[in-house]
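Here the structure comes first, spelled out in structure tokens, and everything after it is commentary.
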2 protein chains.
Amino acid sequence: MVLSSVTLREVANEAGVHVSTASRALNPETRSIVNEKTARRVAAAAERLGYRPHPLARGLRTNRTLTVGITVPDLLNPVFPLLYAGAETSLRDQGYSLLVGAGDDPANPVAASGILIDRHVDGLIMANAHIHSSLPQMASNQPVPTVLVNRTTDSIDAPSIACDDHAGIGLIVRHLVELGHTDIAHIAGPQDISNGVIRKQAFVAWMHSEGLDTPPELIVETNGFHTAEGRKACKRLLDSGARFTAIVGANDLIALGCYDTLAERKIKVPADISVTGFDDMAFIDRVNPPMTTVLVPFYEMGALAGQVMLSLLTSDDSGAGTLPTSTRLRPVLKTRGSTAPPAGS
Amino acid sequence: MVLSSVTLREVANEAGVHVSTASRALNPETRSIVNEKTARRVAAAAERLGYRPHPLARGLRTNRTLTVGITVPDLLNPVFPLLYAGAETSLRDQGYSLLVGAGDDPANPVAASGILIDRHVDGLIMANAHIHSSLPQMASNQPVPTVLVNRTTDSIDAPSIACDDHAGIGLIVRHLVELGHTDIAHIAGPQDISNGVIRKQAFVAWMHSEGLDTPPELIVETNGFHTAEGRKACKRLLDSGARFTAIVGANDLIALGCYDTLAERKIKVPADISVTGFDDMAFIDRVNPPMTTVLVPFYEMGALAGQVMLSLLTSDDSGAGTLPTSTRLRPVLKTRGSTAPPAGS
DNA sequence: CCAAAAACTGCAATCGAATGCGTAAGATGG
DNA sequence: CCATCTTACGCATTCGATTGCAGTTTTTGG
């Protein structure tokens, strides 16, 4: 396809009508206003000249950019490109493009979204919310239509799409219990991120419901969902002297960090200690040993976020109407080689 | 930071000047035209009101969007987020945002860039070029300033930044030869993509320079740089009955596909057959066995592409001036566990 | 056959910022 | 002290499309 700088005025001339008529003829919303034959003539002229509406001119007038922003904490974690791809497919059909903002600074949680909002995105899909994140408000009046995805927060009143982390941890805990584990440790994510909090609480809850204990020394927290944090936390766990036969990592990267630390200390996974992750990120089924984890449907989450965003954008009632929905997608246990019965059994 | 819908007119009123003066005072290019004290008064007013220029209004007038498009073949291959991140850091400082377009359809190579160009990006970073890709031209006159990265093509006259694939294959071949391999197979990438062609040619050239033969049955081609393609190609290789002790994959994913097929047939890597990849993508050092490959500096390539783009965008001479540069970054051999001396030695 | 209503289409303002051009105020100089 | 040149600023147009309003034509109905 070829982009020209053909203007609506030229199309109008070609069709022998006024630009306003041409505008209405070309806009599906207003096509009915203009005589059908005229509309066809305009459409033909537009086609012939290769007319493409100028997005800036249109946006300036209509105050809409057909652009949606998406903020992710970290593009290098392969789950976020998945999320992006899902959202992109939902939105592209309706003519929307996605602007990405990456960043996960708790001190300045809206740094990424700020740039996007400055660019007048029509909506914002936030995948990097912190517990206390607030939305950058337009000083004028209305906030940008927002959808929370992946992470949630009560401090932003917006529809949210996430994984049912509680259920996911349940799958993991029950799996380990069925294998015979009773002394299970948890390396929790940051406690200013919903997933970190929920997974930790779920861990405690499920352990108790299995009649198992969760001594404080078997729960350590990290400052980020990263490999390096997992390595450090695993060391703390081992150095505490506490006994345990399995580690529930708050996500795959943290669990990968455990792999590193355990390997360093000649502790075998899963023979000596079982390790589990969370997310089922790409290639995690190929690491050594293949990691038992819980699949989080990131692509679907992104796609759903895109659809919800579309409904926000097309709903005429600006915000006041439908109350925010809260969707939780079902996780799936992926049993692989990083879990086995405890050494004693 | 807060976005307001404060208009330049309001700033001008607040400062007691005309909008044109306010405009000039706020624009670094023209600040010198206006009295310094006035300029400061305007700047203060803008600050006080929280003025942010409206990107659409500005863009409409100046015909620049401060947006650069980047097209990648596949966001789910982790090397492309890396590339993106590199470009993003280079461009963000100068106020540019990146619009991503993903797609790798040879039949419609410019599908992704079409959307971007329709959105009036100021420049285009293409990472998904095919050998015969042509640039979507503006019907008017000038093409969009373009930088080729990762893949190159002669059919687009633009600066290019890529990896020195020839040298990279040399590192691999010499490594295998040093281990004692003489019967080495190559699974080539698609031959309508520069990397596929160059790596294949380089493989032949380096083998010959090592005094080794490259019988045609030991070179198979794929239709994409994907795992599934690698699996299929590896099967063809094995089914041909030809003897070989090592496989040089055109990239990491293809080599991963070899892992699968070889495992399926109980052939051990590297004991029976050595396998090598290309790219050193994330987590490839953690697969089983850790893959010997060649590091391609994607982040740096992206960063460089961003810088070259900036120089294109800021050079006043529109295209006619500096001739396209062609940069090749140096790859680095990563020796890991997927290569070993051949079985017989 | 005429009045009223409906159906089309054109006019002109508007979105917000940038900029060529003209002009008034101040500086310089002879 | 007046002519000339700067320096600073304002006026008005422009970018390309959308849209309220008004005007014209056609249709409908009585």
Side-chain angles (χ1 to χ4, degrees), chain A residues 3-43 45-46 49-67 95 117-120 122 138-140, chain B residues 3-43 45-46 49-66 95 118-120 122 138-140:
Chain A
L3 171 78
S4 56
S5 42
V6 177
T7 181
L8 184 59
R9 162 169 273 103
E10 308 181 47
V11 174
N13 287 341
E14 175 85 3
V17 297
H18 193 263
V19 295
S20 63
T21 304
S23 171
R24 286 187 272 254
L26 261 22
N27 186 335
E29 300 273 322
T30 51
R31 194 194 316 280
S32 56
I33 301 180
V34 22
N35 183 300
E36 182 162 338
K37 277 178 60 181
T38 313
R40 264 205 293 275
R41 211 169 63 243
V42 173
L49 299 180
Y51 168 73
R52 337 233 73 182
H54 193 301
L56 299 183
R58 168 179 295 188
L60 178 60
R61 186 61 227 263
T62 62
N63 206 27
R64 306 188 327 131
T65 54
L66 288 179
T67 298
I117 293 184
D118 274 359
R119 289 202 167 252
H120 287 234
D122 295 336
M138 317 260 298
S140 52
Chain B
L3 171 77
S4 56
S5 43
V6 176
T7 182
L8 185 60
R9 161 169 273 103
E10 308 180 48
V11 173
N13 287 342
E14 174 85 3
V17 297
H18 193 264
V19 295
S20 62
T21 304
S23 172
R24 286 186 271 253
L26 260 23
N27 185 335
E29 301 274 322
T30 50
R31 194 195 315 280
S32 57
I33 300 180
V34 28
N35 183 300
E36 179 161 342
K37 276 177 61 179
T38 314
R40 264 203 294 274
R41 209 168 65 243
V42 172
L49 299 180
Y51 168 73
R52 337 233 75 182
H54 193 301
L56 299 183
R58 169 180 296 189
L60 180 60
R61 186 63 228 263
T62 62
N63 207 28
R64 305 189 327 132
T65 54
L66 289 179
D118 274 359
R119 288 203 168 255
H120 287 232
D122 294 337
M138 317 262 296
S140 51

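Throughout, protein chains are lettered first and strands after them, A, B, ... in sequence-line order, and every chain is numbered starting at 1.
Looking at heavy-atom distances under 4.0 Å, V17(B) makes contact with sugar-phosphate atoms alone, never a base. Residue contacts shown for S20(A) include a base, since a base heavy atom lies under 4.0 Å away. Within the nucleic acid shown, S23(A) comes within 4.0 Å of at least one base atom, counting heavy atoms only. Contact annotation for T62(B): backbone-only contact, meaning every heavy-atom pair under 4.0 Å involves sugar-phosphate atoms and none involves a base. Among the heavy atoms of the strands, none lies under 4.0 Å from L56(B). Contact annotation for T38(A): backbone-only contact, meaning every heavy-atom pair under 4.0 Å involves sugar-phosphate atoms and none involves a base.
Between the NE2 atom of H54(A) and the C1' atom of dC15(C) there is a distance of 14 Å, given to the nearest Å. Spacing between atom CD of E29(A) and atom P of dG20(D) amounts to 12 Å, rounded to whole angstrom units. Atom-to-atom, NE2 of H120(B) to C1' of dG16(D) comes out at 10 Å; the value is rounded to the nearest Å. Summarising the geometry, the separation between CG on N63(A) and C1' on dT19(D) is reported as 14 Å, rounded to the nearest angstrom. Atom pair H18(B):NE2 and dA18(C):P shows a separation of 14 Å (rounding to whole Å applied). Atom CZ of R64(A) and atom P of dT14(C) are 22 Å apart (whole Å). Summarising the geometry, the separation between CZ on R9(A) and C1' on dC11(C) is reported as 12 Å, rounded to the nearest angstrom. Atom-to-atom, CG of L60(B) to C1' of dC15(C) comes out at 9 Å; the value is rounded to the nearest Å.
Phosphate proximity of dA17(C) to Y51(B): present, with a side-chain N or O under 4.0 Å from OP1 or OP2. Look at R58(B) and you won't find any side-chain N or O under 4.0 angstrom from OP1 or OP2 of dG16(C).
No hydrogens or angles were tested; on distance alone, nothing pairs the side chain of R61(B) with the base of dG16(D) as donor and acceptor under 3.5 Å. For R24(B) against dG10(D), a side-chain-to-base donor-acceptor contact under 3.5 Å is present.
Of the inter-residue distances, the one linking E14(A) atom CD with L49(A) atom CG reads 4.5 Å to the nearest 0.5 angstrom. Rounding to the nearest 0.5 Å places CZ of R58(A) at 9.0 Å from CZ of R64(A). Going from atom CG of L8(B) over to atom NE2 of H54(B) covers 12.5 Å, rounded to the nearest 0.5 Å.
A 6.0 Å sphere centred on CZ of R31(B) holds more than 12 heavy atoms belonging to other residues, nucleotides or ligands.
With 3.5 Å as the limit, one finds no donor-acceptor pair spanning the side chains of R52(B) and S5(B).
Mapping G16(A) and P53(B) onto DNA chain C by nearest heavy atom places G16(A) closer to the 5' end of the strand. Looking at which nucleotide of DNA chain D each of T21(B) and T21(A) is closest to, the 5′-most match is held by T21(B).
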